[in-house]
Trainee: 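Quick one: this structure, given as structure tokens, is what I'll be asking you about.
This one's a predicted model, so the numbers in the text were calculated from it and none came from an experiment. Every chain is numbered from 1 and lettered A, B, ... according to where its sequence line falls, protein lines coming before strand lines.
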2 protein chains.
Amino acid sequence: MPLTRDDVVRAAVEVIDERGLAGLTLRGLATRLGISAPALYWHVTDKRHLLDLVAEHVLAQLPARRAPAPGEPVVDWLADGLRVRRAAMLAHRDSALVVAGNRPTEDAMPAIDATVAALTGAGLTPGESVRVLTALGSFLLGDVLETQAALDRPVPDTPADPRAHPHLEAAAADMGGDDERFEDGLSLMLEGLRARLAARAATGVAPV
Amino acid sequence: MPLTRDDVVRAAVEVIDERGLAGLTLRGLATRLGISAPALYWHVTDKRHLLDLVAEHVLAQLPARRAPAPGEPVVDWLADGLRVRRAAMLAHRDSALVVAGNRPTEDAMPAIDATVAALTGAGLTPGESVRVLTALGSFLLGDVLETQAALDRPVPDTPADPRAHPHLEAAAADMGGDDERFEDGLSLMLEGLRARLAARAATGVAPV
DNA sequence: AGCGGGTCCCTAACGCTGTTAGAGGCATGG
DNA sequence: CCATGCCTCTAACAGCGTTAGGGACCCGCT
């Protein structure tokens, strides 16, 4: 049975999961698939193209965006979507590096459009909605990027840090892990968003 | 006069500014400096090491972190620092890619420590302060990353988008540019932070 | 005066990468 | 029986980061 493009993409994801993005070479990938390296060029135009497909594949694995449950605050619904996206990315090594720089695929647009609709429905202007959504996306990307970068480059076993930075030292105890860090930043943004929505509601501006 | 490590780093920054990170090769850099490629290995242990130095160099170009002016709200002071950092990064092409994955240099630590001190002074716990600071850093990194990625990969002249995504279409008019996007996200996080600080002050918890 | 050691650079070469050129085998359908 | 796609092959190229090993130069010591 001949190889499909999807086989190639899936194998690439496996290689990245095992060896990291830097460990993905066309020759290695081809050998794993039992074909020769140039044969990959039949399925894919480019390594860059392959990475685009990998990014798409990783993001496509998350469940179809559910509509907000009746009575569910928009902000909570938004937060849930972000957590799902984050989980999908953290499930694959170096995914942030792969995803970074890929503008949203055409078939990711309906979900984005729906989210923008929800935000404008809650009282933001359309431009504001897009900006807020992009900001949340930037935060998510940056967070996952740093988390995964820390995995790739393990700590240099903290050589000398006696009491040069007392406040950082004090923080070490209750700093928490990656999830706490994300949740705390997220709650910051959502709190700000809630405040803004409340302000809009108070001034009685109807949703545009 | 012999070449110094700083000459090498500065030249590398120039190359990245002109040709992008992908356009930086050791051979090309060496030729620009008038030496042979292996000679670079006397000044630098590795290409990875060179990039670390470049990242350091870019971030070191920002003015020494000023202390908050008397009476200046901590949050405003924080925002100002972030804007300065963002400007420094946007001044150099692909800087986000270079900086990503570099844990803070040892001599950037005092400034971080001071900022944590300011935040705990304002009422956060030490761990909270670090998390908040990291979250702001993640947002900054993600924002710059996406901004610069958009520059590297110019738009595909929006081929087909008639009215498939009406809300996005509606947002196109007042979406604003990169700066507005950043400022909007930033104000979200800062508003959340302000709210949290206010809550702490209200419950009368003394700064730890 | 001569020697040693550090500094800064060289040429040559290795193994690896993404990628192209061009050919071939193997089905299917007219 | 031939043609047309599909899918893969071998051979090769230019370019990459990096290593091995050597050679000038200069400065301080004996």
Side-chain angles (χ1 to χ4, degrees), chain A residues 1-58 93-95 97-102 149 152-153, chain B residues 1-58 93-95 97-102 149 152-153:
Chain A
M1 201 161 88
L3 232 49
T4 72
R5 171 182 284 188
D6 231 70
D7 293 329
V8 174
V9 173
R10 259 196 301 268
V13 172
E14 286 174 21
V15 172
I16 295 177
D17 281 346
E18 293 169 12
R19 302 222 210 300
L21 178 59
L24 176 73
T25 73
L26 296 188
R27 274 176 241 259
L29 179 61
T31 317
R32 164 186 284 248
L33 288 167
I35 63 177
S36 72
L40 287 172
Y41 282 77
W42 195 90
H43 301 278
V44 145
T45 75
D46 227 311
K47 189 179 188 182
R48 180 68 245 169
H49 180 211
L50 172 61
L51 289 179
D52 288 349
L53 294 173
V54 167
E56 205 173 318
H57 181 85
V58 167
R93 182 167 167 191
D94 287 345
S95 58
L97 282 174
V98 177
V99 166
N102 280 64
D152 278 356
R153 278 224 212 179
Chain B
M1 199 160 90
L3 232 49
T4 71
R5 169 183 285 189
D6 231 69
D7 292 330
V8 173
V9 172
R10 259 196 301 268
V13 172
E14 286 174 23
V15 172
I16 295 177
D17 282 346
E18 292 168 14
R19 302 223 209 300
L21 178 59
L24 175 72
T25 73
L26 295 188
R27 275 176 241 258
L29 179 60
T31 317
R32 165 186 282 248
L33 288 167
I35 63 177
S36 73
L40 287 173
Y41 282 77
W42 195 90
H43 300 279
V44 145
T45 75
D46 226 58
K47 189 181 189 181
R48 180 67 245 171
H49 179 213
L50 172 62
L51 289 179
D52 288 349
L53 294 173
V54 168
E56 203 173 322
H57 181 86
V58 167
R93 184 168 167 190
D94 286 346
S95 57
L97 282 175
V98 178
V99 167
N102 280 62
D152 279 356
R153 278 225 212 178

Trainee: In the 5'-to-3' direction, what one-character label does each nucleotide of nucleotides 21-26 of chain D receive under the scheme B = base within less than 4.0 Å of a protein heavy atom, S = sugar-phosphate only, - = no such atom?
Mentor: ------
Trainee: Could you tell me whether a side-chain N or O of B/Arg93 sits under 3.5 Å from a main-chain N or O of B/Leu21, the two making a donor and an acceptor?
Mentor: no
Trainee: Can you find a pair of side-chain heavy atoms, one from A/Tyr41 and one from A/Leu26, that are under 4.5 Å apart?
Mentor: yes
Trainee: Tell me: CD1 of B/Ile35 to P of C/dC8, nearest whole Å?
Mentor: 11 Å
Trainee: Run the side chain to side chain contact (heavy atoms under 4.5 Å, CB included) test on B/Leu24 and B/Asp94 for me, step by step, so that the C-alpha distance in whole Å, both residues' side-chain angles and the decisive distance to 0.1 Å come before the verdict.
Mentor: CA-CA 11 Å; B/Leu24 175 72; B/Asp94 286 346; over 6 Å; no
Trainee: To the nearest 0.5 Å, tell me how far B/Leu97 CG sits from B/Ile16 CD1.
Mentor: 10.0 Å
Trainee: Quick check on the helix from C/dA1-D/dT30 to C/dG30-D/dC1: what's the angle between its two end axes, five base pairs per end, to the nearest 10°?
Mentor: 20°
Trainee: Between B/Asp152 and B/Ala149 (side chain of the first, backbone of the second, donor and acceptor by atom type, cut-off under 3.5 Å), is there such a pair?
Mentor: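 No; zero donor-acceptor contacts below 3.5 Å.
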Trainee: Which heavy-atom pair separates A/Thr4 from A/His43 by the least distance, and what is that distance?
Mentor: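 So the minimum-distance heavy-atom pair works out to C-ND1, 4.0 Å.
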Trainee: Answer whether the closest heavy-atom distance between the side chains of A/Leu53 and A/Val8 falls below 4.5 Å.
Mentor: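 Side-chain contact under 4.5 Å: no.
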Trainee: Under 4.0 Å between a side-chain N or O of A/Ser36 and OP1 or OP2 of D/dC9?
Mentor: yes
Trainee: Just how far, in rounded Å, is C1' of D/dC9 from OH of A/Tyr41?
Mentor: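 So the two atoms are 16 Å apart, to the nearest Å.
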Trainee: For B/Leu50 and D/dC16, give me the distance from atom CG to atom P, rounded to whole Å.
Mentor: 15 Å
Trainee: What is the distance, to the nearest angstrom, from the CH2 atom on B/Trp42 to the P atom on C/dC9?
Mentor: 8 Å
Trainee: Is the number of heavy atoms from other residues, nucleotides or ligands under 6.0 Å of B/Arg19 CZ greater than 12?
Mentor: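 No, the 6.0 Å shell around CZ holds no more than 12 heavy atoms from other groups.
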Trainee: Answer with base, sugar-phosphate or nothing: what part of the nucleic acid does A/Leu24 contact at a heavy-atom distance below 4.0 Å?
Mentor: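 Sugar-phosphate contact only - A/Leu24 comes under 4.0 Å of backbone atoms but never of a base.
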Trainee: Report the nucleotide, chosen from D/dC9, D/dT18, C/dG18, that has the shortest atom-to-atom distance to any side-chain atom of A/Ala39.
Mentor: D/dC9
Trainee: Mapping A/Pro2 and B/Thr45 to their closest nucleotides on DNA chain D, which lands nearer the 5' end?
Mentor: A/Pro2
Trainee: Just how far, in rounded Å, is P of C/dT20 from CG of A/Leu26?
Mentor: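 So the CG-P distance, A/Leu26 to C/dT20, works out to 11 Å.
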Trainee: Heavy atoms under 4.0 Å, any strand shown: does A/Gly34 hit a base, just sugar-phosphate, or nothing?
Mentor: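 Answer is sugar-phosphate: A/Gly34 comes under 4.0 Å of backbone atoms only.
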Trainee: Does B/Leu40 form a side chain to side chain contact (heavy atoms under 4.5 Å, CB included) with B/Leu33? I'd like the steps, not just the answer.
Mentor: CA-CA 10 Å; B/Leu40 287 173; B/Leu33 288 167; 4.1 Å; yes
Trainee: Can you measure A/His49 atom NE2 to C/dT19 atom P for me and round it to whole angstrom units?
Mentor: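 The answer, rounded to whole Å, is 12 Å.
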Trainee: OP1, OP2 of D/dC6 versus side-chain N and O of A/His43: anything below 4.0 Å?
Mentor: no
Trainee: Find the distance A/Lys47:NZ to C/dT19:P and express it as a whole number of Å.
Mentor: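 Distance, rounded to whole Å: 8 Å.
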Trainee: Go through the N and O atoms of the side chain of B/Arg27 and the base of D/dG15, and report whether any donor-acceptor pair is under 3.5 Å.
Mentor: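 Result: no qualifying N/O pair found.
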Trainee: Which heavy atom of B/Pro2 sits nearest to which heavy atom of B/Asp7, and what is that distance?
Mentor: O-OD2, 4.4 Å
Trainee: Expressed as a whole number of angstroms, how long is the span from B/Leu29:CG to D/dG17:C1'?
Mentor: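 Atom CG in B/Leu29 sits about 13 Å away from atom C1' in D/dG17.
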